[in-house]
Amino acid sequence: MKVRKAVITAAGWGTRFLPITKSQPKEMLPLFDRPLIQYAVEEAIDSGIEQIVIVTAQGKHAIEDYFDRSPELEALLEKKKETKLLKEIRRISSLCDICYIRQKDQLGLGHAVFITRDIVDKEPMAVLLPDDIIDTRTPVIKQMLRVFHRYQATVIAVERVGREEVHKYGIIKANQVQENLYQVVDLVEKPSPEEAPSDLGIVGRYILMPQVFDVLARTRPGRNKEVQLTDALRLLLKEQPIYAYQFEGRRFDAGTPLGWIEASVLLALQHREWGGEFKEYLRSLDLNGKRE
Ligand code: G1P
């Protein structure tokens, strides 16, 4: 079974980033030199995905415009002989076949995935939550596809999050199969430290079997009165195995101001052209935050 399609969810309010997100989609915040969502789009493409479905909502049209052609801008850049910029602008609009579907009511991540069912159409799919930025050599979806092809089953990305953080994540109970790989026994969405069956937290990368749509259709609202993908996976687990993969890479929660700036700093340091200069700038700083 080939995984050709990816769903990227971009319909949330971005409350952790208010007030900026009052009029600006969180997914369009610049993470160093490109919008947050572009990292997820490029990760999917670099993993061999051929079609991307982005779930948006009201006020998110900047995302569609960003990945669309911009003939006037292209003509201007051509006239000004800005060849490098023109190439990049054209590259962005021809990255891949992207279609959009709107989530009209904010009913949760599970619901956002559910509304893509007719587009995904009974195929296994990757799901990426763009807030989770992962710095790694091999894109995480590509790492997970190796597991998927071996087991032909749902694979979710996990990492150890620490007991005090479990309330922010879906948490799994699992048996280790081999290094970095677990077979899931149970899942619970955002438990208290006392309820949590482990400290293995779900990170926003999934390869889902198409039967997830059948279980999502009967998943009732859970935590925060939203339809949770974690709860749907719990139902799916009754019918088929689910694997959890501890990926290689460093994750940032770029949906919060602190995680976002941490990821930006790392990306700036790694930048081929500007990394050196930025490193010098960091060295020159008084790290107590005082002005020299
Ligand atoms: C979602 C999922 C949660 C997962 C997390 C990863 O929560 O519901 O299970 O651990 O993404 O980022 P959210 O962060 O959207 O509240």
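What you see is a predicted model, and the numbers here were worked out from it, not measured in a lab. Atoms within each ligand, like the ligands themselves, are counted from 1 in listed order.
- Looking only at distances, no side-chain donor or acceptor of Arg69 sits under 3.5 Å from a matching main-chain atom of Glu74.
- Tyr245 and Leu129 are assigned to two separate hydrophobic clusters, defined by single-linkage of ILVMFWY side chains at heavy-atom distances under 4.5 Å.
- Among protein heavy atoms, atom 10 (O) of ligand 1 sits closest to Ile202 O, 2.6 Å.
- Judged by distance alone, the side chain of Arg223 and the main-chain N or O of Lys190 form a donor-acceptor pair under 3.5 Å.
- If you check which protein heavy atom lies closest to atom 13 (P) of ligand 1, you get Lys190 NZ, 3.6 Å.
- The distance from ligand 1 to the heavy atoms of Gln228 drops below 4.0 Å at these ligand atoms: 8 (O).
- Around atom 3 (C) of ligand 1, the closest heavy atom drawn from Glu189, Arg223, Arg251 belongs to Glu189.
- Distances from ligand 1 to the non-hydrogen atoms of Gly204 include at least one value under 4.0 Å.
- Taking a distance limit of 4.0 Å, we find that atom 7 (O) of ligand 1 is approached by some protein heavy atom.
- Between the side chains of Ser192 and Glu194, at least one donor-acceptor pair of N or O atoms lies under 3.5 Å.
- Residue Leu129 has at least one heavy-atom neighbour below 4.0 Å for each of these atoms of ligand 1: 1 (C), 11 (O).
- Residue contact annotation: Asp132 has a non-hydrogen atom under 4.0 Å from ligand 1.
- Using a 4.0 Å threshold on non-hydrogen atoms, atom 15 (O) of ligand 1 does not count as touching the protein.
- At a heavy-atom cutoff of 4.0 Å, ligand 1 is contacted by the side chain of Thr230 but not by its backbone.
- Put simply, Leu229 and Val53 are part of the same group of oily side chains (I, L, V, M, F, W, Y) that touch within less than 4.5 Å, one to the next.
- With hydrogens and angles ignored, the 3.5 Å screen pairs no side-chain donor or acceptor of Glu64 with any backbone N or O of Asp68.
- A cation-pi arrangement is present between Arg117 and Phe114, with the terminal nitrogen or guanidinium carbon under 6.0 Å from the aromatic centre and inside a 45° cone about the axis.
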